[in-house]
Structures are given as C-alpha cells and as structure tokens.
S.K.: 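Quick one: the structure is below, and I'll ask about it shortly.
Every chain is numbered from 1 and lettered A, B, ... according to where its sequence line falls, protein lines coming before strand lines.
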There are 2 protein chains.
Amino acid sequence: MAETGSQTGSQTPRERYRAQVRTEIKKHAWEQIATAGASALSLNAIAKQLGMSGPALYRYFDSRDELITALIRDAYQSLADTFRATARSGADPVALAHALRRWALEDPQRYLLVYGTPVPGYHAPEGITAIAAEIMATLLDACATLPANPAPTPFDPHLDAHRTWADGHPAPPAVLHRALTFWTRLHGVLSLELAGHFTGMGFDPALLYTAELDALLTH
Amino acid sequence: MAETGSQTGSQTPRERYRAQVRTEIKKHAWEQIATAGASALSLNAIAKQLGMSGPALYRYFDSRDELITALIRDAYQSLADTFRATARSGADPVALAHALRRWALEDPQRYLLVYGTPVPGYHAPEGITAIAAEIMATLLDACATLPANPAPTPFDPHLDAHRTWADGHPAPPAVLHRALTFWTRLHGVLSLELAGHFTGMGFDPALLYTAELDALLTH
DNA sequence: GAGCTCTCGTGATAGGTTCTAACTAAATCT
DNA sequence: AGATTTAGTTAGAACCTATCACGAGAGCTC
C-alpha cells in the first residue's frame with residue numbers, strides 16, 4: 001500500500017504531504033477496484049471521497065493510466081514482499097504456493113490486475129519487470145531446494161538455451177522447468193477460481209490447488 | 001460471429017434485417033476489442049462506423065453490457081464449435097489442446113474475454129453456462145479415451161463425490177481429474193502467454209505448452 | 001520575520017462516453 | 001389503402017478524462 005521501494009526517509013514536509021495524499025488516493029482506488037473492477041475506476045469519484053474536486057488529482061497522477069500503473073506496481077511489490085517474507089523462513093515451494101493463494105484470495109482483483117487481462121498495447125515500465133524478476137528469483141531459489149527427481153523432458157534443452165529470464169541463476173534446466181510449471185499450473189487453477197469459472201461446478205478449488213501442488217512436487 | 005444457436009430459419013424480412021445489423025454491430029465490436037480491449041469498446045464509435053448516429057444501436061442491444069454479454073456468448077459458442085469439430089475426427093485430447101491454442105492465438109482478446117478478468121459482480125446468464133457445460137463434456141469424452149494410467153490421488157474421492165459439473169458423464173474420478181488439470185494447466189500457460197507475461201523471458205511459449213501437454217498424457 | 005516562489009486546489013471548459021425521451025419517416029401488416 | 005409497428009433521428013441529462021488559468025496559501029530564502 002505504501003510507496004514501497006521508493007526512498008521514504010528524510011523528505012521535505014511538502015514531499016511528505018504529497019506522498020500521503022498519493023497513498024490515500026491509491027487506498028480509495030483499491031476499494032473501487034475491489035468492488036467494481038479496474039475498468040470502473042473513476043478519478044472523479046476518488047476526488048469526491050477525498051473531499052476535493054475533480055482535476056486536483058492530476059497534481060498527483062498524470063493520468064488515469066498512470067494511477068493504474070502505480071497500482072499494478074504496488075500489487076507486484078506486495079506479492080514480491082510476501083514471497084520474500086515467506087522465503088525468509090525456509091525456501092519452501094509449498095509455503096510459497098500457499099502464500100500465493102492467500103495473497104490472491106485476500107484481494108482477487110489485485111491478483112487479476114497483475115495477471116489478468118491486459119490492455120492490448122500495454123507495456124510494463126522498467127520498474128515492474130524488475131519486481132517480476134525478483135519474484136522469479138525467489139521461486140527459482142525455492143525450487144532449487146527440492147530433491148532433483150523430476151524426469152528430464154524434451155523441453156529442458158530449449159529451456160537451458162534460453163535462460164535469460166533466470167538472470168544468471170545457476171539452476172539446472174530441470175529446476176527452471178519446475179519453476180515455470182509451478183508458476184503456470186498454480187496460476188491456471190487460481191485464475192480460473194478467481195474469475196469464478198469453478199462456481200457451480202461443485203468441487204472445492206482449494207483441494208484442486210493442493211492436488212496440483214502435490215503433483216508438482218512428486219513428479 | 002453469426003447468431004449461432006438461435007433459430008435462423010424462416011424469419012420475416014424485418015427479423016432478417018435486424019439479425020444482420022446485429023451481427024454487423026458485433027463485427028465492428030470485435031475489431032475494436034482486438035485492437036483496444038473490451039474496456040475501450042464504444043457504442044458511439046461503432047455507430048459512426050455503421051454510418052448511423054449514436055442511440056440507434058439501442059434498438060439492437062439494450063445496453064453496452066448486453067452487447068458484451070452477447071460477444072462473450074458468441075466467443076464461448078465459437079470455442080464449443082471448434083471443440084466439437086475437432087472431436088468429430090477422433091476424440092483426441094492432443095488435437096483438442098492444439099485446437100484450443102490455435103483458437104486462442106487467432107484472437108487473444110476473444111480468449112481473454114471468456115477466461116480473463118471478469119467484472120466483480122458479473123454473473124453469466126443461463127445460455128452461457130450451458131455452452132460451458134458442452135465444452136466440458138467434449139473434454140471429458142476425449143479424456144475418457146486415454147489409457148487409464150494416471151495414478152489415483154487423494155483428490156479423486158472428493159471429485160467423485162462432487163461431480164455435478166460432469167452432468168451425468170460416467171467417467172471415473174481419475175478421468176474427471178485429468179480433464180480438470182487438462183483445462184487448468186493449458187489455461188495456465190495460455191493465459192500467461194496471451195497476457196504477455198512471457199515476453200522477454202526468452203523461451204518459446206509453444207514448447208512450454210506442448211511440454212505441459214506431454215506431461216498431462218504421460219503421468 | 002518579510003518577501004519571493006512554488007505548489008496545491010479551484011472553477012471553467014472541451015470533448016468523450018452511456019443512455020433516455022420525443023419525434024419523424026418508412027416499412028410492414030391487416 | 002389505412003393502421004400499426006419499427007428504425008433512425010436530434011436533443012439532452014449525467015457521467016467521465018483531461019487541460020487551462022487563476023487565486024490562495026504553504027514553505028523556502030535572505
């Protein structure tokens with residue numbers, strides 16, 4: 001929620017006030033997004049909630065898109081922080097998976113803002129890709145601690161030859177593959193659950209999630 | 001694209017004209033969605049493209065949301081048709097998987113309109129859930145033809161006890177589980193690819209997709 | 001502390017959107 | 001042919017994003 005990642009120490013009073021208003025704007029923005037989705041986010045409505053009128057918000061965010069980008073960045077950072085905090089007490093993929101699900105269910109629209117439908121032309125700014133890389137690194141670390149029992153696949157050589165995303169991580173290709181499937185499979189269950197595609201089907205999404213997690217660890 | 005599913009035979013000229021304008025509206029709507037996303041869809045812009053002005057569209061769709069709902073329904077139906085056509089020449093999960101990916105890459109925003117971020121309050125109308133059930137049935141049929149080698153999991157009994165989504169399909173729980181993971185895993189890779197989360201990572205998403213498909217069949 | 005400067009918030013305005021309402025004109029049905 | 005239904009129009013209300021010019025005040029400098 002707070003301006004995590006930017007320098008918060010020793011600011012002028014004006015900068016402090018500015019930062020506080022910015023986070024207040026974002027707080028109300030998250031409330032709107034949680035209840036009506038990101039597409040319904042209205043700067044005007046936020047301004048009214050803050051007791052100021054319309055164009056004042058443009059002192060704090062250049063545009064609606066810039067506000068949304070800031071929200072995406074904060075959401076990413078929140079996930080990265082959650083991952084880092086979880087990994088601090090033992091780099092365990094299982095703990096990471098459950099932390100991911102908790103984080104997602106805590107605010108489904110926040111998860112979907114990060115991993116859901118993007119605007120076709122949208123390109124994430126530099127700061128965001130860096131956070132994504134950190135999340136990937138934490139996941140790789142955790143997967144590297146697992147006993148190396150996954151059978152080699154025809155995909156592994158290609159993955160070994162294209163490991164720019166691993167960013168120098170010394171994991172063998174089998175671990176890279178495991179980290180990737182860890183991501184895609186959990187996201188597969190989670191995103192369908194959050195989007196409501198399991199409602200009315202009867203089964204418990206949490207059990208499917210843990211079943212996928214089990215399969216990830218034992219195969 | 002066409003009004004698949006509704007009765008198209010023997011209409012009055014007025015009904016015919018009405019149906020034709022409706023599909024023309026939807027055609028332009030899809031173009032807008034493909035280039036700017038569903039949130040940027042503008043009834044005004046569509047009307048101008050059709051040479052008529054603004055509120056005329058409300059003769060054909062009660063609201064913007066109703067138009068989008070119709071688009072979602074058509075997209076679902078298009079996927080169901082693709083699945084049915086693929087299954088007609090042998091109920092093969094591999095063929096189904098490749099048909100799914102082709103269909104998704106053909107129009108990423110169409111896939112994301114169905115499986116992407118929904119509006120929080122949105123509830124799919126009856127007609128749509130019926131199509132989803134048909135897609136599920138086709139998938140279950142295909143998975144039932146596979147050699148029954150998947151090892152039983154602790155999730156299987158729960159799935160056997162909550163099989164309302166299978167809608168009377170006589171598949172054993174292992175097949176239900178396989179169909180479910182088939183769906184979630186392929187969606188996991190596909191949705192992340194379409195949302196652009198693999199861009200810049202280096203590897204080929206198509207190979208990851210087939211790798212997941214392989215894992216689905218051999219384990 | 002006095003004065004300068006910079007910034008915050010304002011109202012006005014332009015141009016966009018969805019959607020309703022009243023009216024006209026044309027096509028269809030009886 | 002006459003009555004009725006329907007398509008499309010313009011006008012307008014209520015939103016929205018975003019820009020501009022202005023006034024008031026907070027903060028920095030001397």
Side-chain angles (χ1 to χ4, degrees), chain A residues 3 6 9-33 35-72 113 119-122, chain B residues 3 6 9-33 35-72 113 119-122:
Chain A
E3 292 273 333
S6 52
S10 87
Q11 298 177 330
T12 71
R14 255 194 176 140
E15 284 170 339
R16 219 211 306 276
Y17 175 75
R18 191 176 171 75
Q20 194 221 318
V21 175
R22 271 179 73 102
T23 65
E24 208 151 336
I25 291 171
K26 291 195 280 191
K27 195 187 81 188
H28 286 90
W30 279 120
E31 290 170 7
Q32 278 195 19
I33 288 177
T35 61
S39 63
L41 190 143
S42 157
L43 296 188
N44 252 335
I46 294 174
K48 273 182 188 168
Q49 286 175 343
L50 290 182
M52 54 183 172
S53 214
L57 290 207
Y58 287 83
R59 297 277 174 197
Y60 301 94
F61 293 95
D62 285 352
S63 70
R64 198 186 101 114
D65 279 5
E66 212 221 51
L67 170 57
I68 292 183
T69 299
L71 295 175
I72 294 177
L113 196 63
V119 175
Y122 184 76
Chain B
E3 293 274 333
S6 53
S10 87
Q11 298 176 330
T12 71
R14 251 191 178 141
E15 284 170 339
R16 217 212 307 277
Y17 175 75
R18 193 178 168 74
Q20 194 222 320
V21 175
R22 271 180 73 102
T23 65
E24 207 151 336
I25 291 171
K26 291 194 280 191
K27 195 187 82 187
H28 287 90
W30 279 119
E31 290 170 7
Q32 279 195 19
I33 288 177
T35 61
S39 63
L41 189 143
S42 159
L43 296 189
N44 251 336
I46 294 174
K48 274 183 189 168
Q49 286 175 343
L50 290 182
M52 52 184 172
S53 215
L57 291 207
Y58 288 83
R59 296 276 172 196
Y60 302 95
F61 294 95
D62 284 353
S63 69
R64 199 186 101 115
D65 279 6
E66 212 221 51
L67 170 58
I68 292 184
T69 299
L71 295 174
I72 293 177
L113 196 63
V119 174
Y122 185 76

S.K.: Rounded to whole Å, how long is the line connecting atom CZ of B/Phe61 with atom P of D/dG8?
M.R.: 13 Å

S.K.: Provide, to the nearest angstrom, the distance between the CG atom belonging to A/Asn44 and the C1' atom belonging to D/dA14.
M.R.: 12 Å

S.K.: Mark yes or no for whether A/Arg18, through its side chain, and A/Arg59, through its backbone, hold a donor-acceptor pair below 3.5 Å.
M.R.: yes

S.K.: Would you classify A/Arg59 as touching base, sugar-phosphate or nothing, given that sugar-phosphate means primed atoms plus P, OP1 and OP2, and contacts are heavy atoms under 4.0 Å?
M.R.: base

S.K.: Give a yes/no answer on whether the side chain of B/Tyr60 brings an N or O atom under 4.0 Å of OP1 or OP2 in D/dG8.
M.R.: yes

S.K.: Categorize A/Leu67 for me: base, sugar-phosphate, or nothing, with a 4.0 angstrom heavy-atom threshold over every strand shown.
M.R.: nothing

S.K.: In this structure, how many angstroms lie between the C1' atom of D/dG8 and the CD1 atom of B/Ile46, rounded?
M.R.: 17 Å

S.K.: Which residue, A/Leu43, A/Leu71, A/Ile46, forms the side chain to side chain contact (heavy atoms under 4.5 Å, CB included) with A/Ile25?
M.R.: A/Ile46

S.K.: Between B/Tyr17 and D/dG8, is there a side-chain N or O to OP1/OP2 distance below 4.0 Å?
M.R.: yes

S.K.: Grab the CG-P distance between B/Leu50 and D/dA7 for me, whole Å please.
M.R.: 15 Å

S.K.: B/Ser39 and A/Ser39: which non-hydrogen atoms are nearest, and at how many Å?
M.R.: CB-CB, 4.2 Å

S.K.: Round to a whole Å and report the spacing from CE of A/Met52 to P of D/dG23.
M.R.: 22 Å

S.K.: For the pair made of CD in A/Gln32 and P in D/dC15, what is the distance, rounded to whole Å?
M.R.: 14 Å

S.K.: Rounding to an integer number of Å, can you tell me how far B/Arg22 CZ sits from D/dT6 P?
M.R.: 15 Å

S.K.: For B/Arg18 and D/dT6, what is the distance between atoms CZ and C1' respectively, to the nearest whole Å?
M.R.: 9 Å

S.K.: Can you list the steps and then say if B/Ile72 with B/Tyr122 is a side-chain contact (heavy atoms from CB on, under 4.5 Å)?
M.R.: CA-CA 12 Å; B/Ile72 293 177; B/Tyr122 185 76; 4.1 Å; yes

S.K.: Looking only at the side chain of A/Arg14 (C-beta and beyond, no hydrogens), which of the listed nucleotides D/dT9, D/dA18, D/dG25 gets closest?
M.R.: D/dG25

S.K.: For the NZ atom of A/Lys27 and the CD atom of A/Gln20, what is their distance to the nearest 0.5 Å?
M.R.: 9.5 Å

S.K.: With heavy atoms of chain A within less than 4.0 Å as the criterion, where does contact along DNA chain C begin and end?
M.R.: C/dC6 to C/dA12

S.K.: Testing the basics here: between A/Gln32 and A/Ser42, what is the closest heavy-atom pair and its distance to 0.1 Å?
M.R.: OE1-N, 2.9 Å

S.K.: Mind listing the closest non-hydrogen atom pair of B/Phe61 and B/Glu66 along with its distance?
M.R.: CD2-OE1, 3.4 Å

